[in-house]
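The structure appears right after this line, and notes come after that.
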There are 2 protein chains.
Amino acid sequence: MVQTRSQKLSASLEDYLEAIFNLAGESNVARSKDIAKLLGVAKPSVTGALKLLAKKGLVNYRPYGYVTLTDSGVAEAARVARKHNIIKSFFVNILGVDAKVAQEAACKAEHALGPAIISRLLDFTDFITRTGRNGYDVADEFKQFRKGKRQGGSKHKSKQPGK
Amino acid sequence: MVQTRSQKLSASLEDYLEAIFNLAGESNVARSKDIAKLLGVAKPSVTGALKLLAKKGLVNYRPYGYVTLTDSGVAEAARVARKHNIIKSFFVNILGVDAKVAQEAACKAEHALGPAIISRLLDFTDFITRTGRNGYDVADEFKQFRKGKRQGGSKHKSKQPGK
DNA sequence: TTGACAAGTTAAGCAATCCTAACTATATTA
DNA sequence: TAATATAGTTAGGATTGCTTAACTTGTCAA
């Protein structure tokens, strides 16, 4: 009896689902070994998680077989991955955070931020990106602001060294 | 033997520490009952957490006594609270999120975001706030952008109804 | 075809965090 | 000052998520 949307997933199970989603790619199948490696856990942890996800109707699991996502598993994973990308994009494109740092932070933050925040974060990044193409690039101005700040300057608007 | 900075605190222990910090306020003391209420846990959970925090040298704990933070407890709690406020401020002042939603999201996100992100988030909120006072208010423009979007408009810059 | 190696599973257990029920200490008030 | 209500603790247990060690399965090359 494959129940199709039992409850909210735990952060951990969301991570497994997202990992399968990302590993599967075109081939549509993921291997236990790779999931373990990607998430930095031991193999038996993956087996356990797969059984839970299967019970929730999110993955097709057969012992010793390949792992694939069900339709609702894909939907759920895509939802998580979308959150991840929105957060990461904000970190990288607006805040100017290093891609690797942004990636890791997004992995954690994606479990903490609800729809209200995510929706606004997406719109905001979008908004800043658009206006950037129309002349006033907030992200770039912010970068200059940071740079000035690092050099002990306090004025930001002026380009000559402080004072 | 009060070890003064044993390790990274778990998200849960950070929550307890922050709760004590917020409850203590001027009086400097917090009561177990209030911690439990604030965090939505049962009283024995608080007792357990206090023992752990005491072992780490972060709170002064005596059975049936009042709870106070040690110096390093205050420092650590302030660090967590600062994160919280930076995140919340960004949500409220830049993204325009409802204060209550922002409060709850910040509670979760504060455990997920490291120093690199936090530092930039603080600077960014600061930057936007400053430039807002100098004429171009990004936060306000974004609010208009959202409003326009909600009404199905696609242009944002123009104030007349779409098309 | 078989045997060896890699992949996956099972079993057992540990740590963190929470809970309820029952008990003890403190403080208030009559 | 003694009874009682409130606060706090202890004991015991559930859940989640992870681990290692040992076992099973499957595949590929000799």
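So you know, we letter chains A, B, ... as the sequences are listed, proteins then strands, and number each from 1.
To the nearest angstrom, P of dC18(C) lies 12 Å from CG of L50(B). If you take CG of D15(B) and P of dA16(C), they are 16 Å apart, rounded to a whole angstrom. Regarding I35(B), its CD1 atom lies at a distance of 11 Å from the C1' atom of dG8(D), rounded to whole Å. In this structure, K55(B) atom NZ and dA15(C) atom C1' are separated by 12 Å, rounded to whole Å. L53(B) has its CG atom 10 Å from the P atom of dT17(C), to the nearest Å. Note: CD (E14(B)) to P (dA16(C)) measures 15 Å, nearest angstrom. Rounding to whole angstrom units, CZ of residue R31(B) and C1' of dA25(C) are separated by 14 Å.
A19(B) pairs by the side chain to side chain contact (heavy atoms under 4.5 Å, CB included) definition with I35(B), L38(B), L39(B), not counting sequence neighbours. Partners of L122(A) by side chain to side chain contact (heavy atoms under 4.5 Å, CB included), not counting sequence neighbours, listed by chain and number: R82(A), I86(A). Listed by chain and number, the residues in a side chain to side chain contact (heavy atoms under 4.5 Å, CB included) with R133(B) are T129(B), R130(B) (sequence neighbours excluded). Applying the side chain to side chain contact (heavy atoms under 4.5 Å, CB included) criterion to L13(B), with sequence neighbours excluded, gives L9(B), S10(B), Y16(B), A49(B), L52(B), L53(B), K56(B).
The ring pair (Phe, Tyr, Trp, His ring centres under 6.0 Å) analysis of residues 54-84 of chain A, with sequence neighbours excluded, yields no pairs. The side chain to side chain donor-acceptor pair (under 3.5 Å) contacts involving residues 27-45 of chain A comprise nothing, where partners must be two or more places apart or lie in separate chains.
In this structure, the side chain of K83(B) does not engage the main chain of I118(B) through any donor-acceptor pair within 3.5 Å. Distance alone, capped at 3.5 Å, places no donor-acceptor pair between the S72(B) side chain and the L58(B) backbone. At distances below 3.5 Å, at least one donor-acceptor pair connects side-chain atoms of T131(A) with backbone N or O atoms of I128(A).
Side-chain contact annotation: S119(B) with R146(A), donor-acceptor N/O pair under 3.5 Å present. Side-chain contact check for N60(B) and T68(B): at least one donor-acceptor pair (N or O, by modelled atom type) lies under 3.5 Å.
For the segment residues 59-67 of chain A, the set of residues with a heavy atom within less than 4.0 Å of an atom of DNA chain C comprises Y61(A), P63(A), Y64(A), in numerical order. For DNA chain D, the residues of residues 38-47 of chain B within the heavy-atom distance limit of 4.0 Å (strictly under) are K43(B), P44(B), T47(B), sorted by number.
No contact: K37(A) has no heavy atom under 4.0 Å from any strand.
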Can you pull every protein N or O that's under 3.5 Å from an N or O on nucleotides 14-17 of chain D?
residue: dG17(D); atom: OP1; partner: S10(A); partner atom: OG; Å: 2.7

For residues 88-95 of chain A, tabulate all N or O donor-acceptor pairs below 3.5 Å that involve a side-chain atom, not counting sequence neighbours.
residue: K88(A); atom: NZ; partner: Q103(A); partner atom: OE1; Å: 3.1
residue: S89(A); atom: OG; partner: N93(A); partner atom: OD1; Å: 3.1

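Distances shown here put every side-chain N or O of K51(A) at or beyond 4.0 Å from the OP1 or OP2 atom of dT9(C).
Clustering of Ile, Leu, Val, Met, Phe, Trp and Tyr side chains at separations under 4.5 Å leaves V80(A) isolated, with no partner residue.
Between its two ends, the helix from dT1(C)-dA30(D) to dA30(C)-dT1(D) turns its axis by 0°, counting five pairs per end and rounding to 10 degrees.
Going from atom CD1 of I117(B) over to atom CD of E104(A) covers 10.0 Å, rounded to the nearest 0.5 Å.
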